[in-house]
There are 2 protein chains.
Amino acid sequence: MPTIYEVSKLAGVSLATVSRVMNGSAKVSDKNKKKVRDAMDALGYRPNSVAISLASKRSNCIGILVAELDGVFFGSMMTGIEKTLRNHHKHVVITAGHSNDFDEREGIEFLKSRNCDALIIHAEQLSDDYLIELSKGKTPIVVVNRFIAAIKDKCISLDNLKGGYLATQFILNKGHTKLVNISGPKSKNDANDRLLGFKQALREQGLVCEEHQIYEGNYLQESGAAAIDHFISAGIAFTAVVCGNDQMAIGAMARLRVYQKNPSEDVAVIGFDDVSFAACTFPTLTTIKYPIKEMGNQAAKLILKEVYNIVVDDIRQRYEPSLVERDSV
Amino acid sequence: MPTIYEVSKLAGVSLATVSRVMNGSAKVSDKNKKKVRDAMDALGYRPNSVAISLASKRSNCIGILVAELDGVFFGSMMTGIEKTLRNHHKHVVITAGHSNDFDEREGIEFLKSRNCDALIIHAEQLSDDYLIELSKGKTPIVVVNRFIAAIKDKCISLDNLKGGYLATQFILNKGHTKLVNISGPKSKNDANDRLLGFKQALREQGLVCEEHQIYEGNYLQESGAAAIDHFISAGIAFTAVVCGNDQMAIGAMARLRVYQKNPSEDVAVIGFDDVSFAACTFPTLTTIKYPIKEMGNQAAKLILKEVYNIVVDDIRQRYEPSLVERDSV
DNA sequence: TTGTAAGCGTTATCAA
DNA sequence: TTGATAACGCTTACAA
């Protein structure tokens, strides 16, 4: 790998001049510019971005922390972010937090030590306080899927509680009274908020929410199925199931059939997120839209603006969930 | 951010000694070791991995190139890789190639310039020749989902042709004779191989494969649906549809219902990949198992062994597809 | 076992 | 507009 030094030698100019033509940071005579360019071509020169990063303290990299690398939800988010950033020649380095405190912290340390210019964080376990503290550090952050008042201008969030409320209200309006809830893990904020919305809707309808109506799943398909097993074996009667996310809803629908109950006809099912295949299930899934891709896009724009001073159009930081009506209710 | 220099000062030892305790590269007296550790704690020292990377020419980072960041298939692959690597304290930097030559090349350049110790590549457009050339460079590579004879010990692949063959044969054995095929994009090797398998199975059965039996999709759900629209509006009769992947199969099943055709009962549908939600569709999807997560795992092991000289158990480089029988056929 | 000092490939600050 | 030269934060001979 040729270095800037060899380029300068071949071009017959100084290191500084080569550096200048690389990043147009100052005027260089056309003559020299051409000499340098030619030398670069001749040598097949590629800048070493590690060295650039060390010297300039800028990496043009944005670190992303997600819970999992698979999962349609995070996939959408990463895509939204990467697309926007790439348009401005910024790159993305992704790390998985596996929904546990240790990996999330370690992931963030890694990203920081990698000299990332900024971080986009979708943390599951990190406390608000930790995030607030982190935001005071020298690496700018953007928090997705959580609203923290103290750093609200660094948050891109959705009102999960309202989403849970909307879903439940829709079910109630259809005349259902025996609802069960397959919730996400209690350790996750969004799951709790969605559940809170569920309870609130019931309360407003004069219904009480008993603990046995709630099953704590893990956001994966299997736990949607397990929840159905649980409710049925426990002899809990229900005509509608409100799910913490689409994946669990899909698992639940599949398992309902095993018990000869048809989703939609016998039991209404509603999901959350509106992931891409929600429109392709049978029956197609009624759900709450979580515009995560768009939110990823906004997170990226926020960074473009704050960190790189790039002019972007208005940034939206707070999103409202909305109902997507299909056939499963 | 404190540097190694400040640590050495506070601990009253040299830079070299601090460096030695950081990476246990040589003997350091217990006394000094403790002094250094204490100093690090007191300062909250964090090594700067960019500097480490520049000085040591090792980054402990493995670059991954995938087509898309979303998509269950790539998600599984990334997860398989990351899990294995992380166990050995290696990190992953991911970039998307968007299935086009330019982005794929640029992604690889980026990863190389980022000082990645090795690359795991799931390329769609890059030619075999390019990959062979790349493999001669100083950054080791592993190619997933493609078998290139010239660099076969760097490939982790699946016999896609055989998979297409198996799927088709299974359908034929059920007595179907009017098949259509929803293929992946012609520009992708795996799609072509699967289609070749389809044709071969037909041929062996004495059936001819006409061009109009084949629809070229893009591996997304929508194109599975579009394919059904196409076949039906073109008046092509069929009782079975062989799909290039699960997503298109799911899109196709959903669309079939629009035409009052029930998947499985009226029309058999078979997918490819066995992604996680294939077991949760209705009817559940019969498909070909593509053990991509496991293959990602093997790719990671290959790198652990070749690049870091870590002892791993046997590495499997060639995989055979297998049929997963469910309800859609 | 420890320390000195020369890199690693850039950027950035001064002078010229 | 150009060129020396000192950072950037760490590793690694080589010496002691």
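Each chain gets a letter, A, B and so on, in the order its sequence line appears, and its residues count up from 1.
For A:Ser53, the side chain to side chain contact (heavy atoms under 4.5 Å, CB included) partners two or more places apart in sequence, or in a different chain, are A:Ser59, A:Asn115, B:Val50, B:Arg114. With sequence neighbours left out, B:Lys154 forms a salt bridge (Lys or Arg N to Asp or Glu O under 4.0 Å) with no residue at all. Not counting sequence neighbours, the partners of A:Lys136 by the side chain to side chain contact (heavy atoms under 4.5 Å, CB included) test are A:Ile132, A:Glu133. Every residue two or more places apart in sequence or in another chain was checked for a side chain to side chain donor-acceptor pair (under 3.5 Å) with B:Asn100, and none qualifies. Remark: A:Ser99 engages A:Ala67, A:Glu68, A:Glu124, A:Lys188 in a side chain to side chain contact (heavy atoms under 4.5 Å, CB included) (not counting sequence neighbours).
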N/O donor to acceptor pairs below 3.5 angstrom from side-chain atoms of residues 75-88 of chain A, sequence neighbours left out:
| unit_1 | atom_1 | unit_2 | atom_2 | d |
| --- | --- | --- | --- | --- |
| A:Ser76 | OG | A:Val72 | O | 3.2 |
| A:Thr79 | OG1 | A:Gly75 | O | 2.8 |
| A:Thr79 | OG1 | B:Asp70 | N | 3.4 |
| A:Thr79 | OG1 | B:Asp70 | OD1 | 3.4 |
| A:Glu82 | OE1 | B:His98 | NE2 | 3.0 |
| A:Glu82 | OE2 | A:Arg86 | NH1 | 2.9 |
| A:Thr84 | OG1 | A:Gly80 | O | 3.1 |
| A:Thr84 | OG1 | A:Asn297 | OD1 | 2.6 |
| A:Arg86 | NH1 | B:Ala96 | O | 2.9 |
| A:Arg86 | NH2 | B:Asp103 | O | 3.4 |
| A:Arg86 | NH2 | B:Glu106 | OE1 | 3.1 |
| A:Asn87 | ND2 | A:Lys83 | O | 3.4 |

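The stretch residues 33-53 of chain B does not touch DNA chain C, since none of its heavy atoms comes less than 4.0 Å from the strand. If you check residues 8-17 of chain B against DNA chain C, the residues with a heavy atom closer than 4.0 Å are B:Val13, B:Ser14, B:Ala16, B:Thr17, listed by number. Taken residue by residue, residues 109-117 of chain A places no heavy atom nearer than 4.0 Å to DNA chain D.
Fit an axis to the five pairs at each end of the helix from C:dT1-D:dA16 to C:dA16-D:dT1 and the two axes sit 40° apart, to the nearest 10 degrees.
With a heavy-atom cut-off of 4.0 Å to chain B, the contacted part of DNA chain C has its first and last nucleotide at C:dT1 to C:dG9. Nucleotides of DNA chain D that come within less than 4.0 Å of any heavy atom of chain A span, from the 5' end to the 3' end, D:dT1 to D:dG9.
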